[in-house]
Amino acid sequence: MFSADDNSCMARALRLAQHGLMSAAPNPRVGCVLVRDGEVVGEGWHERTGQPHAEINALQQAGSRAAGATAYVTLEPCCHQGRTPPCTDALIAAGVTRVVAAMEDPNPQVAGQGLTALRTAGIDATAGLLAAAAEQLNAGFIMRMRQGRPWLRCKLAMSIDGRTAMASGESCWITGDAARADVHRLRGRSDAIMTGIGTVLVDDPSLTVRIAGLAEDFQQPLRVILDSNLRTPPDAKLLDLPGETLIFTGAVDADNEARLTRTGIGIVTLPMQDGKLDLPAVLQHLGSLQINEVHLEAGATLCGAMLQAGLVDELVIYMAPHLMGEAARGLFALPGLEQMSERVKLSISDVRAVGDDWRITAKIDK
C-alpha cells in the first residue's frame, strides 16, 4: 500500500513535527511534507497554538507547486474551524491530489471526518503510515482526547541496586550531568511537572526547565503539588519562579490559602478518598486544563500510589553505576505485594547510555 518513498517522506514529516515538542501544546505536534514529481516542494510543522498548522506552513512554502502534490502529514488534517481555518479546505484549494496521514485524529471534532472531506473532494486520502511513531509523538494529546486525562510519565533516578536516596534522605546527586540535562529535555516537552508535598518540604525543588539557549518566549510547564493537608510553605522556592503553580489539596484551610494566594498560584480542593487525594480526579482536572503530558518527579509514596492506581503510563528510570546499600530508600512504596503473581509487569521500550548512566524507558502492562 505504501512505497519506500512514502515511508521516507513520512519519516521526514515526523522529524519536522518534533520541532514542536516544547511549543505546540495543547495542540498536537504535527509535521507536513509536500512532494511533487519526486521533489519536496514544501514542508512545515505546527509551532504553537493559534499559529498556522503544519499543512498551511508547507503550502505557503510550496506556493503554486502544491498543485498535483502528495501531502504527507503526521496527523489527519483538521476539518473544523478552530483558532485557524480547516486544513482540509486549504489542501483542496491548493490542488493537492493525494494525502497520506500517519494516523487519524482522535479529536472528536475530526475523527476521520478530515479524510472523508478530502475523499469527497476527489483526493486520494489514506492513513496508517508509521502510525506507531506518530502515536508516540503525541501520546499525551491522544490520551487526553480518548480518556480526558494527560499522559503521566514518572521519572526516577536510582543506583544500580535500586536506591533513590540514602537512609538520611540525601539524594544529590545520584546521576551525572548528562542524565540531569536529559531530564530537563523531558521536562521541557511536558505541560506540567508534578511532585508531592514530601518532596517540597525536604528538597525545596524548583521544578523548572533549565536548558541552555531556551527560547525567550518559552513557557515554563505548570508546576503541580499534591498536598492533601495544604502544608506547602509560603516561602517555597517554586512559588516565586517564572510560570504558574497549582496546588491540589483536600483541606479547607482559609488561613493557609490566604498565605499562599498570590499571582501565579492556584489552589484546587478535591474530595478525599480514604484520607488521601483522589488521584484520578487530579488527572481529570489537569485534562480539563488541556494538559497533555505530566512529568512526575516525586518520592516513593506518591510514585507508588500513582502506579497502584493505574495512572502511570511510562517510566523513565536513570540508573547510576554505584551501590547505595540496603538501608537506602527504594523506588516505590507498593504495599500489599506479597506474591510473584502480583508483580507490576513492565515492557521495556528503550535502554541507552546517557553519559556515565543508563536510561531505561518502560511502559506499564495494563
Side-chain angles (χ1 to χ4, degrees), residues 11 14-15 17-22 25 29 132-140 142-143 150-166 170-196 199 203 205-214 220-221 292-300 302-304 306-307 311-325 328-334 343-366:
L14 287 164
R15 289 193 295 272
Q18 291 176 351
H19 289 297
L21 270 179
M22 296 197 297
R29 300 128 179 173
E135 290 176 5
Q136 184 178 9
L137 184 65
N138 284 305
I142 295 168
M143 179 69 76
W151 177 270
L152 183 68
R153 178 186 302 108
C154 179
K155 168 265 168 183
L156 297 150
M158 69 176 190
S159 60
I160 205 166
D161 55 348
R163 303 299 175 177
T164 63
M166 303 305 293
E170 181 185 0
S171 62
C172 294
W173 294 99
I174 292 176
T175 56
D177 291 344
R180 294 199 296 276
D182 195 58
V183 170
H184 280 277
R185 287 189 286 271
L186 285 179
R187 286 183 177 185
R189 65 170 290 166
S190 305
D191 307 313
I193 304 173
M194 177 186 288
T195 196
T199 298
D203 296 338
S206 298
L207 299 187
T208 55
V209 179
R210 300 183 293 280
I211 299 174
L214 204 60
Q220 287 287 339
N292 290 333
E293 291 186 19
V294 171
H295 179 91
L296 175 64
E297 292 190 25
L302 178 54
C303 290
M306 284 289 190
L307 191 62
L311 298 173
V312 175
D313 300 298
E314 184 177 61
L315 292 174
V316 178
I317 302 173
Y318 294 86
M319 185 171 66
H322 50 240
L323 304 172
M324 294 171 63
R329 301 179 182 182
L331 288 172
F332 298 100
L334 297 172
R343 292 173 294 177
V344 178
K345 297 180 181 179
L346 309 178
S347 296
I348 295 176
S349 57
D350 185 74
V351 178
R352 67 182 62 196
V354 181
D356 293 330
D357 306 306
W358 287 88
R359 188 185 74 192
I360 303 168
T361 304
K363 302 288 177 59
I364 313 299
D365 287 352
K366 297 182 180 180

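For the single chain, residues carry numbers from 1 onward in sequence order.
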side-chain contact (heavy atoms from CB on, under 4.5 Å) partners of R189, counting only residues at least two apart: L21, R29, R153, L186, E293

Value rounded to 0.5 Å, distance of CD in E314 from CD1 in I364: 9.0 Å

Heavy atoms of other groups near D161 CG, more than 12 under 6.0 Å: yes

Expected output: side-chain N292 to main-chain N138 donor-acceptor under 3.5 Å: no

N/O donor-acceptor pair under 3.5 Å between T195 side chain and E297 backbone: yes

Qualifying residues under side-chain contact (heavy atoms from CB on, under 4.5 Å), relative to R210, sequence neighbours excluded: H184, R187, S206, T208

Atom pair CE/CG of M306 and L152 - distance to nearest 0.5 Å: 5.5 Å

CE on M319 to OG1 on T175, rounded to 0.5 Å: 12.5 Å

Heavy-atom check, side chain of V316 versus side chain of C154, under 4.5 Å: no

Side chain to side chain contact (heavy atoms under 4.5 Å, CB included) between V312 and F332, intermediate numbers included: CA-CA 12 Å; V312 175; F332 298 100; 5.9 Å; no

Shortest non-hydrogen contact from W151 toward K363: CZ2-CE, 3.8 Å

Donor-acceptor contact present, side-chain T164 to main-chain G330, <3.5 Å: yes

Chi angles and distances behind the side chain to side chain contact (heavy atoms under 4.5 Å, CB included) call for I174, M158: CA-CA 7 Å; I174 292 176; M158 69 176 190; 5.6 Å; no

